[in-house]
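Take a look at the structure below.
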Amino acid sequence: MSEMIKIPEGWETTEISKISKQIKSGGTPKSDNKSFYNGDIKFTTIEDITASNKYLYTTKKTITELGFNNSNTWLVGKNNLLYSIYATLGVPIITKTEVTTNQAILGIELNNNVDLEFIYYRLVYDKEQILSNATQTTQSNLNATIVKNTLLTLPKLKQEQQKIAEVLSEVDNAISKTEELFEKNKRLKTALMQDLLTYGIDENGKVRNPQTHKFKSSELGNIPEEWDSNILKKVCKVRQGLQIAIKQRFKESGENRYVYITVQYLNNQEANEEFIQSPDEDLICHPDDILFTRTGNTGQIITGVHGVFHNNFFRVDIDKDILDKDFMVYFLNYEVTQQKIKDLAATTTIPDLKHSDFYSLGIKYPKSKTEQQKIAQILSSQDEKIENIKNKLNKLKLLKASLMQDLLSGKVRVTKLMEENS
């Protein structure tokens, strides 16, 4: 006999149908008229239902009444729930506009004695449990009957439901704002790279103004007079790694053994750690070196690793009298450079960059390594800011997961908070 789940005091378990005024399926409009999808009625499809969005403000498609039989029966009003039952299964979303649904989506209008946002979070939290009831045919599907009979555990008091939803909404709002800040700073970095790797910075630390500063022509277009341009063959050399036979690899570290750096190792170091005994010095990559993936995921830049590198990589040895290592890393990661790399590598079935193609890439750079270093420092500072925001975002997501576990299980009750604030 399975263990009974203990329900918190003051909570109850009930079917979705018993807390809903109605649960209705959408339909498939049928019309041969091409203007049918050019109306002003918002028509919701599975494309509009994503786990990353809590609210639905608009839809990707609109329809007219033309040929849409019984369309009013498929209308879902503002501040109701939509719930996906096909393809993208078990995802709820709250309507912030009146919409018409297709057959892949249920419209759920709740009773007044339950809180809309709480039920939204309840459905998100119970997703895997609900999907375990899905019908198993060619692919899993839910239906209106399964959803209506789904059991939800919730506080009997709507006030407690509202307080739980309020706490979770506050964290969601913080996540949303942090995500916006994260994207904003990524866009700022893109703009900074464009300016700094095109115009550079002057002695005052400002991006040069192409309208007032003196530029000169080069094979790569106009560049500041303090800059130079060349092909990579003139400023660096590359060394390709080797495919080392499995019998020559070791699973344990030891004297004169070096980690074997492969794409698989970089993706999951613990699962793919292997060692090479006494390799040739030319096959060793040091932390200050630059590795460049030449095949497969071509153009990925790796630094800060120490070991023997696979033949999927180039080790890029720059002329240190001409180029600063960090400046070179940003140049190789620059969107314009990356696109050129992908274009050159895409001439084969599996993307593969030849030595000659890499060497043919043009680079423009400040003659002064000091300016190169300043450019790299500015971009590094922006990278650090982005990483800090990313870490904050991850912490907020972990906090939300923890709060959902505590609050939606009743392990942590909000009633004391309600009493303190009353």
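Heavy-atom contacts from other residues, nucleotides or ligands closer than 6.0 Å to NZ of Lys216 number more than 12. Enclosure of atom NZ in Lys342 by more than 12 non-hydrogen atoms of other residues, nucleotides or ligands within 6.0 angstrom is indicated. Around atom NZ of Lys325, more than 12 heavy atoms belonging to other residues, nucleotides or ligands sit under 6.0 Å away. A 6.0 Å sphere centred on CG of Asp280 holds more than 12 heavy atoms belonging to other residues, nucleotides or ligands. Heavy-atom neighbours of Glu219 CD from other residues, nucleotides or ligands within 6.0 Å: at or below the threshold of 12. More than 12 heavy atoms of other residues, nucleotides or ligands lie within 6.0 Å of CZ in Phe292, so this atom counts as buried by the packing criterion.
Side chain of Gln162 to backbone of Asp115: no donor-acceptor contact under 3.5 angstrom is found. With hydrogens and angles ignored, the 3.5 Å screen pairs a side-chain donor or acceptor of Ser132 with a backbone N or O of Gln129. For Thr95 (side chain) and Leu56 (main-chain N/O), no donor-acceptor pair under 3.5 Å exists by modelled atom type. Checked by atom type and distance alone, the side chain of Asp48 pairs as donor or acceptor with a backbone atom of Thr45 at under 3.5 Å.
Taking each heavy atom of Ala376 and Asp324 in turn, the nearest pair found is CB-OD2, 4.3 Å. Looking at every heavy atom in both residues, Ile146 comes nearest to Asn133 through CD1-O, 3.3 Å. Residue Ile46 comes nearest to Tyr86 through the heavy atom pair CD1-O, 3.3 Å, listed as atom of the first residue, atom of the second, then distance. Trp11 and Leu407 get closest at one heavy-atom pair: CH2-O, 3.3 Å. Between Phe327 and Leu323, the shortest heavy-atom distance links the atoms CD2-CD2, 4.4 Å. Annotation for Asn230 and Leu220: closest pair O-CD1, 4.2 Å, computed over non-hydrogen atoms.
A donor-acceptor pair shorter than 3.5 Å can be found between the side chains of Gln382 and Asn185. Checked by atom type, the side-chain pair Asn79/Lys96 shows a donor-acceptor distance below 3.5 Å. In summary, the side chains of Thr153 and Thr13 do present a donor paired with an acceptor at a separation below 3.5 Å, with no hydrogens or angles considered. Using modelled atom types, one finds no donor on one side chain facing an acceptor on the other under 3.5 Å when comparing Asn268 with Gln264. When only modelled atom types and interatomic distance are considered, Lys54 and Ser169 share a side-chain donor-acceptor pair under 3.5 Å. Side-chain contact annotation: Asn173 with Ser176, donor-acceptor N/O pair under 3.5 Å absent.
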Lys251 vs Glu274, test: salt bridge (Lys or Arg N to Asp or Glu O under 4.0 Å). Steps then yes/no.
CA-CA 5 Å; Lys251 290 294 183 181; Glu274 295 178 313; 3.5 Å; yes

Assess whether salt bridge (Lys or Arg N to Asp or Glu O under 4.0 Å) is satisfied between Arg315 and Asp317, documenting all intermediate values.
CA-CA 6 Å; Arg315 187 185 68 197; Asp317 299 326; 3.2 Å; yes

Run the side chain to side chain contact (heavy atoms under 4.5 Å, CB included) test on Leu152 and Ile16 for me, step by step, so that the C-alpha distance in whole Å, both residues' side-chain angles and the decisive distance to 0.1 Å come before the verdict.
CA-CA 7 Å; Leu152 299 182; Ile16 292 180; 3.6 Å; yes

For a salt bridge (Lys or Arg N to Asp or Glu O under 4.0 Å) check, start with the C-alpha distance between Arg208 and Glu371, then their side-chain angles and the critical distance, and finish with the verdict.
CA-CA 12 Å; Arg208 292 191 181 91; Glu371 184 180 344; 2.7 Å; yes

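The residues Arg413 and Glu160 are annotated as salt-bridged, a charged nitrogen and a carboxylate oxygen being separated by less than 4.0 angstrom.
Between His213 and Phe215, the ring planes are perpendicular. Angles over 60° get that label, and only those under 30° would be called parallel. Between His310 and Tyr260, the two ring planes are tilted [angle within 30° to 60°].
For the atom pair OG1 (Thr298) and CZ (Phe314), the distance works out to 9.5 Å, reported to the nearest 0.5 Å.
Residue pairs meeting the salt bridge (charged side-chain N to carboxylate O under 4.0 Å, His left out) criterion with at least one member in residues 165-184, sequence neighbours excluded, are Lys163-Glu166, Asp172-Lys400, Glu179-Lys397, Glu183-Lys186.
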